[in-house]
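Have a look at the structure below, then the notes.
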Amino acid sequence: MSTQDQSELFNGTANVGLKDTRSVDGTDTRAIPAFVFGEELAHLADHDPRIVVLTADLARSNRATDFAARHPERFVNVGIAEKNMITMAAGMAASGYIPFAATFGAFAALLGAEQIRTDCAYPGMPVRVVGHHSGMSMGFYGTSHHSLEDLGMMRCIADLTVVCATDANHLRALLRLSLDHPGAMYIRLGRGRDPQVYDEVPDLAIGRAETVRDGTDLTIIATGSEVHPALQAADELAGAGVSTRVVDMFTVAPLDRAAVLDAARSTGAVLTVEEGNVTGGLGSAVAECLFEAGARVPFRRHGVSDEHVPVGPPAALYAHYRLDGPGIARIARELLDSSKGTP
Amino acid sequence: MPLTSTDKVAHLADRARFVRTETVRLTRIAGAGHYSAVFSCAELFAVLYYAQLRLDPSRPDWPDRDRFVLSKGHAAIGLYPVLADLGFFDPSELDTYTRLGSPFGDHPDMRRIPGVDFSSGSLGHGLSIAAGMALAGRMSGSDHRTYCMLGDGELAEGQIWEAAMSAGHFRLGNLVAIVDANQLGIDGFVRDVMAAEPIDRRFAAFGWQTHRVDGHDIPALLELFAGLPGAADGPPQLVVADTVKGKGVARMELSPDWHVGNLAGADYDDVLAELGQERA
């Protein structure tokens with residue numbers, strides 16, 4: 001491996017290519033979402049003159065390079081200036097464009113929160129803020145680069161649609177859907193090594209959760225990069241005689257309340273799984289929905305328990321936080337066991 | 001008519017007076033408002049809207065119109081009467097100013113007010129908005145210009161300099177930033193709170209072509225704006241307008257006490273008289 005290749009791998013930008021099946025947890029990837037981002041938008045832009053892509057000196061990380069190579073006149077690199085990027089995108093949206101403004105999730109959502117609220121969501125601009133390398137997927141880069149709060153922060157902004165990409169095919173579907181979706185969106189991507197959940201580009205509707213496996217004893221509601229390990233957990237639980245439904249709640253805002261309440265009614269127990277702080281994120285959204293509807297079922301939020309994540313390789317961190325398949329299965333068993341003792 | 005013909009200058013001076021008197025009137029409706037930050041840019045509003053901007057009030061969404069981004073959104077109370085006067089909406093609607101559900105709040109809302117090109121209020125965003133609009137104009141092949149009005153106190157916001165850097169880098173010659181350098185923020189003189197000067201030299205260092213002018217001198221403003229270079233691929237243009245916060249009302253000039261205020265009773269009549277109007 002050349003020095004440059006090593007450097008790119010270190011930076012999470014290595015072009016490992018579609019033949020490389022490595023992922024953060026060692027599972028088969030086959031397709032690589034972050035790389036799909038630039039490629040899919042380049043394809044869509046062939047037929048849609050409204051699409052522009054902005055990034056903040058991370059085109060190699062989010063593969064906006066693929067877009068830039070095909071549509072250089074519609075690619076804008078603003079340098080390391082995320083606030084300016086998001087607000088410039090809003091200005092372009094006011095002139096009829098659909099800008100995709102992409103940077104690490106931690107910077108997009110935390111640094112750009114006010115710009116997303118005031119310049120994109122409030123005036124109803126069709127800006128798509130793309131936060132990639134979400135959750136703890138940056139691993140040993142540390143707290144500054146971990147994006148654990150973005151779902152919670154984005155979810156509390158009115159008139160902002162918040163979606164998470166599950167895998168490459170799912171991301172393709174989201175990007176296509178986003179072109180005709182009114183108002184501003186936050187699109188959360190993983191690091192680009194998420195294993196495949198959808199065999200083909202799914203027929204999605206924003207705001208409608210996807211049941212990726214049905215079951216009767218428990219529902220795991222997961223989002224983004226946690227859908228695949230949730231399925232692995234469901235496999236493991238099946239071996240122990242627990243029938244598990246897995247719901248891909250890719251739209252975190254607005255939440256599919258009907259899917260949540262149906263899960264509670266039909267399976268009697270709900271576990272949420274997200275790669276982020278449980279405070280304010282998917283788990284909080286589901287908890288609000290359940291409690292406000294008076295659903296009294298065993299429930300647990302699983303994710304990062306309101307703490308800063310230490311450094312470490314991503315796979316080690318997922319194991320540490322039980323956000324891998326075996327870890328989620330163990331949490332699910334604890335939830336079911338504890339509920340048996342409940343009068 | 002020559003740019004600086006007496007009639008034209010007198011007309012624009014009258015429109016600047018109109019901005020100030022309407023600000024006083026609307027502030028009384030609300031019970032409080034920004035007087036002095038509007039008074040400093042009244043001549044700028046008059047020259048831009050009545051002599052410079054390419055607009056069609058019957059088509060507020062005309063793609064080739066010039067854009068105006070009021071980054072110092074708290075001067076909106078002075079902009080609304082201008083938009084009404086030009087015919088973007090019925091002036092009587094202004095009487096709802098700040099009432100529950102009114103389109104007209106202290107800061108402008110593009111979704112609800114024809115002629116407002118972008119919502120503002122949080123300082124430091126406008127130049128990025130304008131840079132995005134200018135870039136979009138270039139991409140779409142339109143020859144319109146985008147104007148952005150900033151306050152000098154606002155220049156302490158870091159995003160301004162992100163935007164200034166990008167506009168210089170992208171050579172947005174169709175972008176005109178105007179700094180209403182009225183010398184005062186809420187807490188006092190800008191030079192004491194967080195010095196912004198030398199504004200022109202700072203922007204020049206970011207690749208802008210800069211101009212400095214007395215922001216109350218209508219003939220000078222007319223000449224400067226009309227003489228800006230073409231909007232092609234040149235450097236972005238900066239106009240530093242040296243102004244006096246509270247200009248036109250002695251008690252408000254360069255007084256931090258009138259950033260937000262309310263005139264009551266006889267004071268209201270006195271100020272209108274000072275601005276050259278009949279007593280109410």
Side-chain angles (χ1 to χ4, degrees), chain A residues 45 48-57 68 71-101 103 107 111-129 157-159 182-184, chain B residues 60-69 71 73 105 107-113 116-142 144-148 157-170 172 174-175 206:
Chain A
D48 193 331
R50 300 172 300 171
I51 297 173
V52 295
V53 171
L54 300 92
T55 192
D57 197 31
H71 301 286
E73 75 291 349
R74 281 192 269 161
F75 171 72
V76 183
N77 196 334
V78 300
I80 305 166
E82 294 78 10
K83 297 185 290 293
N84 186 43
M85 172 178 72
I86 292 167
T87 309
M88 273 183 73
M92 300 183 81
S95 296
Y97 287 97
I98 300 177
F100 291 78
T103 183
F107 306 145
L111 205 49
E114 200 230 358
Q115 286 70 19
I116 294 171
R117 182 201 65 159
T118 307
D119 303 330
C120 303
Y122 162 57
M125 291 294 106
V127 175
R128 283 73 183 95
V129 176
I157 295 176
D159 292 332
Chain B
D61 296 328
W62 178 30
D64 289 327
R65 72 191 186 280
D66 283 342
R67 269 64 166 180
F68 181 80
V69 179
S71 194
H107 299 92
D109 185 339
M110 67 187 290
R111 297 292 294 276
R112 305 195 61 195
I113 306 172
V116 170
D117 284 319
F118 212 91
S119 307
S120 57
S122 182
L123 295 173
H125 296 218
L127 194 56
S128 296
I129 292 287
M133 289 175 167
L135 201 55
R138 180 196 290 172
M139 276 185 191
S140 62
S142 173
H144 72 73
R145 281 188 189 266
T146 301
Y147 295 80
C148 177
E157 288 282 3
Q159 190 177 347
I160 294 285
W161 302 100
E162 295 183 2
M165 193 183 287
S166 64
H169 175 82
F170 295 127
L172 298 177
N174 55 355
L175 174 63
F206 283 83

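Throughout, a chain's letter reflects where its sequence line sits, starting with A, and its residues are numbered from 1.
Considering CE of B/M139 and CZ of A/R74, their distance stands at 8.5 Å, rounded to 0.5 Å. Expressed to the nearest 0.5 Å, how far CG of A/N77 lies from OG of B/S166 amounts to 11.0 Å. To the nearest 0.5 Å, the span separating CZ on B/R138 from OG on A/S95 amounts to 13.5 Å. Taking CH2 of B/W161 as the reference point, atom CG of A/N84 lies at 13.0 Å (rounded to 0.5 Å). The OG atom of B/S128 lies 10.5 Å from the CD1 atom of A/I86; values are rounded to the nearest 0.5 Å.
If you measure heavy-atom distances from B/D109 to chain A, the contacts under 4.5 Å come from both the backbone and the side chain. Heavy atoms of B/R112 lying under 4.5 Å from chain A are absent altogether. Contact annotation for B/T146: neither backbone nor side-chain heavy atoms come within less than 4.5 Å of a heavy atom of chain A. Both the backbone and the side chain of B/M133 come within less than 4.5 Å of a heavy atom in chain A.
Counting heavy atoms from C-beta on, the side chains of B/S122 and A/Q115 never come closer than 4.5 Å. B/I129 has its side chain out of reach of A/M88: every pair of non-hydrogen atoms, C-beta onward, lies at least 4.5 Å apart. The side-chain heavy atoms of A/M125 and B/F118, taken from C-beta on, include a pair separated by under 4.5 Å. Between B/Q159 and A/E82, the closest side-chain pair of non-hydrogen atoms is not below 4.5 Å.
For B/D64, the CG atom sits in a packed shell: over 12 heavy atoms of surrounding residues, nucleotides or ligands are nearer than 6.0 Å.
For the ring-ring contact (aromatic ring centres under 6.0 Å, His included) test, no residue two or more places apart in sequence or in another chain qualifies with B/Y147. Remark: A/H71 engages A/F67 in a ring-ring contact (aromatic ring centres under 6.0 Å, His included) (not counting sequence neighbours).
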